[in-house]
Every structure is written in structure tokens, then in C-alpha cells.
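Please read the structure below before turning to the comments.
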Amino acid sequence: MRWTQTLIPTMKETPEGAEIPSHVLMLRAGLVGQLMAGAYTYLPLGLRSLRKAEAIVRQEMNAAGAVELLMPALTPLSLWEQTGRVEAFGDVLIQFSVRRQNRKVPMALGPTHEEVITDLVSRHVSSYRQMPITLYQIQTKFRNEERPRFGVLRTSEFLMKDAYSFDTSVESLGRSYEKMYAAYCKIFERCGLVYMPVEAESGPIGGDASHEFMIPADNGEDVIVCCAQCSYAANLEKAEIGARGGRASDEPLQALAQVATPEASTIEQVTRFLKCQPQQMIKTLIYVADGKPIAVLVRGDHEANENKIRRAAGASKVALAPPEIIQQVTGAPVGFAGPVKLRQPIPIYADEDVRIIRNGVTGANQADTHLTGVNLERDYQVQTFADLRNAAAGDPCPRCSGRLVQRHAIEAGHVFKLGTKYSEALSARFLDAQERLNPIIMGCYGIGINRILASLIETNYDNAGILWPVALAPYEVCLVPVNVADAESARVAQEMHDALIAAGVDVLLDDRDVRAGVKFKDADLIGFPLRVVIGERGLKQGKLEIKWRWEEKAEMLDLAGATERIAQLIAAERSSGERFRARRSG
RNA sequence: CGGGGCGUAGCUCAGCCUGGCUUAGAGCGCUUGGUUCGGGACCAAGAGGUCGGAGGUUCGAAUCCUCUCGCCCCGACCA
């Protein structure tokens, strides 16, 4: 391709509104253009990279035995009603009606395709002999995000690879899951990403039923927790906490005292007002668990974890109680709840760390009032102690003696053992060898293709621009004739361009009649892995210059045989990614 | 949904507080001519705007007021 024949709108300045590196660079390098919040055009260069990521995903899916199909993005709303997901998705589901003659047809744009694929499979799969099978598609998904942000990291329309496995037993599902897990590792590896599979909240199957593939990045929206010593890693919602080693301080017990704390309803306000540490505070949260209010106690500097609370309470659904319920249960407005003398007797659950708070501070169940010198057993009782909070940096690892650390990360993929949720709701059943009818056991596996690009850029750039691995670069080689007005340079460049294409190399010829500096800056900004410079001076000596984007030094190459040499270099790097990875450790 | 910020040329912005010396500006980009030519050149001449939109205040509004739309950030939410 010649530069002058395509559209590459690079920008010198950072467009207003772009903040994180991947967004800034994708706009500046002319990869994408924004149409509206959460919707981006993939320009010629961006599309090439997107297609490369897509191709890698497709190859590995096929290699893992998954079979590609393509489902419509347009779906009948009734399908989502059958599984209760119209409500579950809420406003995220883009739904509308179209008029057809004298009737209205309610539809939704697919945010994911469990319903559609399960419906399909229920029609065509009815015997255990037809399984296991894993089907996948690569298709645009629609989600009306409450708040699209971070450029292409969170958009209302995005390209997703979604795969679904169908098995006859939990053991067989485990094998299907393992295959996808392994394929994901290969995919992220081939894309040149540093990734981390972490344990995620799992559904009905339990155990190791769900993993997220995370790309550690400062601007990631997710928080993952991992052990500094062993390989334990989980997302924040899931992360377990090892045995708490803390001991209560041995300061003398204080008397229970009531203090006025006008207008101080948050932990921060109270600690400032009473000049105490958040670690001394007993945060009391009123939740509604399956319709019944419960009190949950966590240390002031800790965050409650709803999933853990739900499990501890043995409930199927928990949510923070609305203000009316809080008023009713505690007798005080929000912000002054405490475990001592609640107005209504409700079960009290406490996080392990609350056990050792001596002379704590907590709400007095009375407006603008807190209690100090609060001690367990003497002043209040706890029904159940459990791990009820999010893991924090420095917490003990649940698997070894190490400590946990927190990191931000971008979720690029997710594998999940679904079980029979959708097959039961949509009657996808099969007959086993004993002629018994069973629901099909499913798994689902997603990869955000756009996120592969965004997270790659987010973690691979320098002051000059993007650093692409050969595997995903829009073009592998950028040919730069320094002076296109020079007939010899132009001729050599054109010949080399044609020869490289014939050799199967993705090459872009920068045939613009602009100064060399402009071309170099643009080549660095876009980040083509290999730059080949054809200059008059070099040509006189029968040489040209090659330079890897992520390496410091350029190298002179004999013009004779240069094409073959470049094709070799690219082919080697394409399959191994060695030089790109070496840059990271170097 | 709560809090904050921003909308002026294709892009980045100044002007707004204190309304009129603006016939709306600068830099970059674009067009034309010339000089340059291996790290975002220089000179000259141009093209390009209903100052996001609507209403209001005023002799007069980019500037003040009201409403509205859009975009960005933080939080809440997130299969």
C-alpha cells in the first residue's frame, strides 16, 4: 500500500478529551475516529490491526476444536424475557420495536449470545452423541453502557469473540473449559500481551469455574489481587484472604461512651472529628438478604464484599438496605448505625478483623451520635464471623505465607462454566445413553477484540508513539524513501515494495512528498515494527537502513538481497515475537 | 443517577471575568508560488467560522442570564 492512496490522519497534538495513553495514541496515530461517546470508526490502519487480532483469535479457536458460526445481532426480545435477562441487563440492553405492517416487533441488539446459541442448539442437538461441541462467533456486540469511557476500552458497540461449549457432564465441561483456557493463553501470548489469568466470581458450578484474563495496566478499570510470592491471583470481588494473624492491642478496656458527632456520618468525617484511626472504627452496614435485614460489620478502612456476604448469609440476593429500612432497623438515619443496641434484633455478621478491635468507635443508632470504647462481647454480640470484605494490599495470601498486592488491570477475556442456567430456561436437553433427558451443560468464553488492541497500546508505548508487535501491527514494514523526488530512490522503493508484498510481507510505502522528519515522526507515532529507509547517500554505496521501532540502533543493509533479508526477519519475528518481548526485559 | 470540567477554523487553543477599538484571532494543518530537503523547515500570498443550539437582557452579546444539546473526568452501576 502507498501512503498517498490510503487515509492515515495522524495528529501532532493530543485531541481534547483523550486522556489515557491508548486513547490518545489511537487517535493521534489515525487508527480510530470517534463518532460519539462510546462509538468509534476503525480507520484503515486501526482496522488492519483489529483484523489481525481477530485472525489470531480465530486461528486459535479453530485449533482448539471450536467451530465458527455467525448469529444475528438483531434478536427477538422474547428470548431475553424467557431467561429473565431483560431485567438483569436493564438499560444496558438496547431494545426497541420496529413496525411490520399492523404489528410491532420488539427486539434487542445482542449484548452477548447465550440465549441465541442455546435456542439454536436446543433445536438441533438432542443426543449425547452430538456432544461435546464448542461453537463460536466473532461479532459486534451492543451494550448501552451507563458511561462509555477510556476510548475504545469501554464502548457501547464492540467486537467480541464469544464461544459456547455444550457438554453432557460436568467432567466433560471441565475438559472443554481447559481447552478454551489454553487457547486464551496462546492468543494473548501471540498478541504480545503480558496477561494474567485470575480467579473470578463463579456461578453455580463453583470451584475453579471462572477465570478472567487480565492485562495489568495502570488505567485498567478492574482491580486484581495477586500474591507477591506464589501464583495466586483473583479479581477483587473473588479474592480470598488468608488466615488473619492480627492480635488485639493490650490497651486497657475503656468504658462505653456516647459522643455527639454532628453532621459526621462518613468514616472520614468521624475519624477527623474524633481524631481516631479508621482501623478503630466498626463500620456497620445494613443489608437486605433475601428480603430480611442483616447487619454487617467491617473495619472502618475495609470495604464490604457483597458476594462474600451473600455466601455467609446463605442468601441468593443481597443489597444495601434503602434508607427507610435502615431507619427502621437502627432508629437512626444513614451513617449512624452500630452493633450496640440496634432497635430491631437482626442477625449480625462481622468480618474476621472486627474480632480484634478493642475500644472501637461506631454509630450509636441515634442521629449525630457515635459510641467510643466499644468492645465485643461486653457491648455487642456477633452471630457469625467470616471473611466479608475485599482483600486489601498487605493481606495474607490464602495459598501461601506471602502477602497480597493490588493492581489495576484490563479485562480482555473471560472463561466461565455456566452450567445449566440457559439450557434449563430454554429447554436445551439431550437424551443420554440410558435414554434419560438431561439439560445440556454449558460454558461460555468471551474475548474483547478491541480490548486486545487497546490494552496492547496501553502497555506498549514510548514518548514517540506506539510500540506494536509484528503480530498486530497495521503494517509490518514501513518503507521510507527520504526523497521521493529522487528518481532512483523512488524506483528502489517501489521495487522493494512490490517484492516485499510478493514475499508476503505487509508493507506500507510512505510515498508522500514531505520532509524526512515528518515521515520519521509519523512512522514512530504509528509504531511500524520495522522501518526501512531508502536515502540517496545510502543508495550511492548500495545500502539502505533498517530499524526496529523498539530498538535504539539502526542497521545498514546491502541493497542486494535486502528484500529477502527483510522478509526473513519479519517472518521470524512474526512467529516468535522474540525481539518485541526482549525489548521489555531489556 | 450524583459531583466537576469543557464546547470559538480540520486540530490545539487565546479572547469571555470587566459587553463596543474584532470586519472574530493565533499556532498547526490545507491551497498557490519560491527557497529548502535524513528527525514535525522558511518566506510570501490565500481558502476556511451562523463563536454547540434556542430564547432572553441590551442601542450593541463569543462575552451577561435562562433553558437545552454534545463531549470529557471522578463517583455510583456494570453480563
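Convention: sequence-line order gives letters A, B, ...; per-chain numbering from 1.
Between A:Lys308 and A:Glu240 no salt bridge is recorded (no basic side-chain N to carboxylate O distance below 4.0 Å). Salt bridge status for A:Glu115 with A:Arg85: present, with a side-chain N to carboxylate O gap under 4.0 Å.
Look at the P atom in both B:C73 and B:U66: the space between them is 27 Å, to the nearest Å. Between the P atoms of B:G25 and B:C16, the separation comes to 16 Å (whole Å). B:U12 and B:C78 are spaced 34 Å apart, taking the C1' atom of each and rounding to whole Å. Remark: the separation of the P atoms in B:U63 and B:C21 is 14 Å, to the nearest Å. Spacing of C1' atoms, B:G27 relative to B:G48, comes out at 15 Å, to the nearest Å. Rounded to the nearest Å, the gap between the C1' atom of B:G39 and that of B:G34 is 24 Å. Across the C1' atoms, B:G15 and B:G49 are found 15 Å apart, a figure rounded to whole Å. Going from the P atom of B:G19 to that of B:A62 covers 14 Å, rounded to whole Å.
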### Message
Would A:Glu551 and A:Lys547 count as a salt bridge (Lys or Arg N to Asp or Glu O under 4.0 Å) here? Give the steps.
### Response
CA-CA 7 Å; A:Glu551 287 176 7; A:Lys547 179 181 173 298; over 6 Å; no
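A:Val482 comes within 4.0 angstrom of a base, heavy atoms only. Heavy atoms of A:Glu545 sit under 4.0 angstrom from at least one base atom. Residue A:Val480 is classed as having no contact, given no heavy-atom separation below 4.0 Å to the nucleic acid.
Shown for residues 21-37 of chain A: residues whose heavy atoms fall under 4.0 angstrom of RNA chain B, namely A:Arg28, A:Gln34, A:Met36, A:Ala37. RNA chain B is contacted by A:Glu146, A:Arg147, A:Arg149, A:Phe150, A:Arg154 of residues 145-156 of chain A, taking any non-hydrogen atom closer than 4.0 Å.
Each of A:Thr14 and A:Lys519 has a nearest nucleotide on RNA chain B; the 5'-most of these lies closest to A:Thr14.
Taking the six-membered ring for Trp and the full ring otherwise, the centers of A:His113 and A:Tyr136 sit at least 6.0 Å from each other. The six-membered or imidazole ring of A:Tyr445 lies away from that of A:His414, with a centre-to-centre distance of 6.0 Å or more.
Checking A:Glu178 against A:Ser176 by side-chain atom types alone, no donor-acceptor pair falls below 3.5 Å. Between A:Thr4 and A:Asp511, the side chains place a donor N or O and an acceptor N or O closer than 3.5 Å (distance only, hydrogens not considered).
In this structure, B:C17 makes no Watson-Crick or G-U wobble pair, since no nucleotide meets both defining distances under 3.5 angstrom. As the counterpart of B:G7, B:C69 is assigned, both hydrogen-bonding distances of the Watson-Crick or G-U wobble pattern falling under 3.5 Å. Under the Watson-Crick and G-U wobble criteria, each requiring two contacts below 3.5 Å, nucleotide B:U63 is left unpaired. Partner assigned to B:G75 is B:C1, using Watson-Crick or G-U wobble distances below 3.5 angstrom. Across all strands shown, B:C42 forms a Watson-Crick or G-U wobble pair, both distances under 3.5 Å, with B:G34.
Nucleotide B:C77 holds its C1' atom 16 Å from the CD atom of A:Glu87, rounded to whole Å. The interatomic distance linking A:Met11 (CE) with B:A9 (C1') rounds to 16 Å, in whole Å. Atom CZ of A:Arg537 and atom C1' of B:C37 are 11 Å apart (whole Å). Atom CG of A:Asn144 and atom P of B:C1 are 11 Å apart (whole Å).
Note on ring orientation: taking the six-membered ring where Trp is involved, the planes of A:Phe188 and A:Tyr184 are perpendicular (angle over 60°, cut-offs 30° and 60°). Using cut-offs of 30° and 60° for the angle between ring planes, the A:Tyr177 and A:His211 rings count as tilted.
Base orientation of B:C21: syn, the glycosidic angle falling within 90° of 0.
Donor-acceptor pairing under 3.5 Å, judged by distance alone, is absent between the side chain of A:Glu536 and the base of B:G38. For A:Asp522 and B:G40, a side-chain-to-base donor-acceptor distance below 3.5 Å is present, hydrogens and geometry of angles not being considered. A donor-acceptor contact under 3.5 angstrom links the side-chain atoms of A:Arg531 to the base of B:G39.
In this structure, A:Arg515 reaches the B:A41 phosphate: one of its side-chain N or O atoms is under 4.0 Å from OP1 or OP2.
A cation-pi arrangement is present between A:Arg531 and A:Phe520 under the rule of less than 6.0 angstrom and at most 45 degrees off the ring axis.
The line from CG of A:Leu530 to CG of A:Leu500 is 9.0 Å long, rounded to the nearest 0.5 Å.
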